[in-house]
Student: 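One structure, pasted below without further comment.
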Amino acid sequence: MESLKSRKTIRKYKQEDISDDLLNDLLEAACRASTCGNMQLYSVIVTRNAEGKERLAPAHFHQPMVTEAPVVLTFCIDLHRFSRWCELRKAEPGYNNFEWFITGAIDALLVAQTFCNAAEEAGLGICYLGTTTYNPQSIIDALQLPDLVFPIATITVGWPAENPSQPDRLPLKAIVHQEVYHDYTAEDIDRLFAYKESLAENKQFILENGKETLAQVFTDVRYTKKDAEAMSQALYEAMKKQGF
Ligand SMILES: Cc1cc2nc3c(=O)[nH]c(=O)nc-3n(C[C@H](O)[C@H](O)[C@H](O)COP(=O)(O)O)c2cc1C
C-alpha cells in the first residue's frame, strides 16, 4: 500500500532498455485483471523501435516521452479477436456497438492500470498519454489496427531519470460520499479546493496565463470546450470507421 501512496508519474527515463522477460512478466500479471465474462476485450501494442515511436509521436503532439521512453504501450479496446472466434465457431457476434465499446474500454483500462501498478512496484516509471483519444485515427493508422480495435490508453515506460515531487490530491472527504451522494455547497468547494489553490505553482500558472482563477486555466487554456468538441467529433468518426 505504501508504494501506491508514494507513486507519481515519471516523464524522464534513463537510456536503458526493459528486458523482454521483465516486460512480458508485467504484461502477464496485468492480464490477471478482472475482465468482462473472461472475454479479454483488449490488445496491447508494444512499440520499442525508433521508427514506430516516430510514427506515433505526432498523434501525441510530440510529447518527448514517446520517443525517449524505451517502451511505449498502446492499450486497445479489442472486440475483433472475440468476434473472429465467434464467426469461426458458427456464433453470430453482436459486439460492434457502443455498449461493447465501453465494456472493452473498461477491460483495457483495468489491464493498463494493473500493468502500471506492477511496473511501478518493479521500480519502473510510467506516464499515461491522454492524447490517445485526441488523435485516434492517426494511432489506428500507425499501428494498423483492424475493425473493432480502438486505442484507448498509451503508457510510456522506463527506468526513472527524475524524482519529481508528488502532486497534490483533493482530500478524501472531497471524493468519498457515505451512503448517498452529498452535493457540494459553495463553502464546501472553497474548503476542498483551498490547498490546491494555495500552491505556489498553481498561483504561478494563473499569472503566466493572465487568468483570474486556477479554474480558468483549465477551462480557457488547458482543456477548452472548443477543443473537446472537435476531439469528440474525431473520436466519433474514428469509432464509426473502426466498425462500431
Ligand atoms: C487519462 C490520463 C491522461 C493523461 N495524459 C497525460 C499526457 O498527455 N501527458 C502527460 O505528461 N501526463 C499525462 N497524464 C498524467 C497526469 O498528468 C498525472 O497523472 C497527474 O498530473 C497526476 O500526477 P501523478 O500521476 O504524478 O500523481 C495523464 C493521466 C491520465 C490518467
Side-chain angles (χ1 to χ4, degrees), residues 1-13 30 33 42 44-45 47 53 55-77 101-102 104-139 142-143 150-172 174-175 192-193 195-197 199-206 208-209 214-215 217-219 221-224 227-228 230-232 234-235 238:
M1 182 124 68
E2 279 320 302
S3 61
L4 283 175
K5 285 189 176 176
S6 60
R7 71 151 299 278
K8 51 207 176 189
T9 289
I10 297 295
R11 298 181 175 85
K12 289 191 167 46
Y13 309 103
Y42 48 77
V44 187
I45 317 291
T47 306
K53 290 173 192 166
R55 271 197 300 278
L56 286 173
H60 294 293
F61 299 131
H62 295 282
Q63 295 193 73
M65 301 81 87
V66 176
T67 47
E68 290 171 9
V71 172
V72 179
L73 297 177
T74 308
F75 290 83
C76 300
I77 299 165
F101 182 90
I102 294 291
I106 296 170
D107 257 27
L109 293 172
L110 290 175
V111 171
Q113 185 53 40
T114 306
F115 174 87
C116 291
N117 293 345
E120 289 177 334
E121 180 88 29
L124 289 159
I126 64 95
C127 183
Y128 274 92
L129 301 181
T131 35
T132 312
T133 52
Y134 295 1
N135 284 308
Q137 192 59 53
S138 29
I139 297 173
L143 300 178
F150 201 93
I152 194 74
T154 303
I155 292 165
T156 56
V157 200
W159 301 105
E162 63 169 352
N163 186 16
S165 52
Q166 200 183 32
D168 66 293
R169 288 291 195 265
L170 293 174
L172 200 59
I175 308 293
L192 296 171
F193 283 80
Y195 178 67
K196 191 183 281 293
E197 290 175 330
L199 294 172
E201 71 251 34
N202 286 336
K203 289 185 172 161
Q204 186 61 27
F205 256 157
I206 301 174
E208 276 169 12
N209 289 290
L214 181 61
V217 177
F218 282 84
T219 59
V221 183
R222 294 188 67 188
Y223 304 107
T224 68
D227 286 350
M231 288 167 194
S232 299
L235 191 55

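One-based numbering, in listed order, for ligands and for the atoms of each.
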Student: Determine whether L56 and I139 make a side-chain contact, defined as any pair of heavy atoms from C-beta on separated by less than 4.5 Å.
Tutor: yes

Student: May I ask you to identify the nearest protein heavy atom to atom 14 (N) of ligand 1, giving residue, atom name and distance to one decimal place in Å?
Tutor: Y128 O, 3.3 Å

Student: Tell me: protein heavy atom nearest atom 11 (O) of ligand 1, and distance?
Tutor: R11 NE, 2.6 Å

Student: How are the rings of F75 and F115 set relative to one another: parallel (under 30°), tilted (30 to 60°) or perpendicular (over 60°)?
Tutor: tilted

Student: Non-hydrogen atoms of Q166 versus ligand 1: any pair closer than 4.0 Å?
Tutor: no

Student: Quick one, M231 and N135 - any side-chain contact, counting heavy atoms below 4.5 Å?
Tutor: no

Student: As an exercise, identify every atom of ligand 1 less than 4.0 angstrom from a heavy atom of K8.
Tutor: 26 (O)

Student: Please identify which atoms of ligand 1 are closer than 4.0 Å to at least one heavy atom of R7.
Tutor: 24 (P), 25 (O), 27 (O)

Student: Measure the distance from atom 22 (C) of ligand 1 to every protein heavy atom, then report the residue, atom name and distance (to 0.1 Å) of the closest one.
Tutor: R169 NH1, 3.6 Å

Student: More than 12 heavy atoms of other residues, nucleotides or ligands under 6.0 Å from CD of E121: is that the case?
Tutor: no

Student: Might you confirm whether atom NZ of K12 has over 12 heavy atoms from other residues, nucleotides or ligands at distances under 6.0 Å?
Tutor: no

Student: Give the atoms of ligand 1, by number and element, whose distance to some non-hydrogen atom of G130 is under 4.0 Å.
Tutor: 3 (C), 4 (C), 5 (N), 6 (C), 7 (C), 8 (O)

Student: Not counting sequence neighbours, which residues clear salt bridge (charged side-chain N to carboxylate O under 4.0 Å, His left out) with D168? List them please.
Tutor: K196

Student: Hey, does F61 have a side-chain heavy atom less than 4.5 Å from the side chain of L129?
Tutor: no

Student: Might you check, step by step, whether the distance between atom 1 (C) of ligand 1 and some protein heavy atom is under 4.0 Å?
Tutor: no

Student: Taking 4.0 Å as the limit for heavy-atom contacts, which would you say applies to C127 with ligand 1: side chain only, backbone only, both, or neither?
Tutor: side chain

Student: Going by a strict under-4.0 Å cutoff (protein heavy atoms only), does atom 6 (C) of ligand 1 have a neighbour on the protein?
Tutor: yes

Student: Looking at T114 and A30, what are the two nearest heavy atoms and their distance?
Tutor: CG2-CA, 3.8 Å

Student: Between T132 and T154, is there a donor-acceptor pair closer than 3.5 Å when you use the side chain of the first and the backbone of the second?
Tutor: yes

Student: With heavy atoms of P167 as the reference, note each atom of ligand 1 found under 4.0 Å away.
Tutor: 23 (O), 24 (P), 26 (O), 27 (O)

Student: Just heavy atoms, cut-off under 4.0 Å: does H60 contact ligand 1 by side chain, backbone, both, or neither?
Tutor: neither

Student: Go through ligand 1 atom by atom and flag the ones less than 4.0 Å from a non-hydrogen atom of Q63.
Tutor: 7 (C), 8 (O), 9 (N), 10 (C), 11 (O)

Student: Which heavy atom of the protein is the closest neighbour of atom 19 (O) of ligand 1, given with residue, atom name and distance?
Tutor: T9 OG1, 3.4 Å

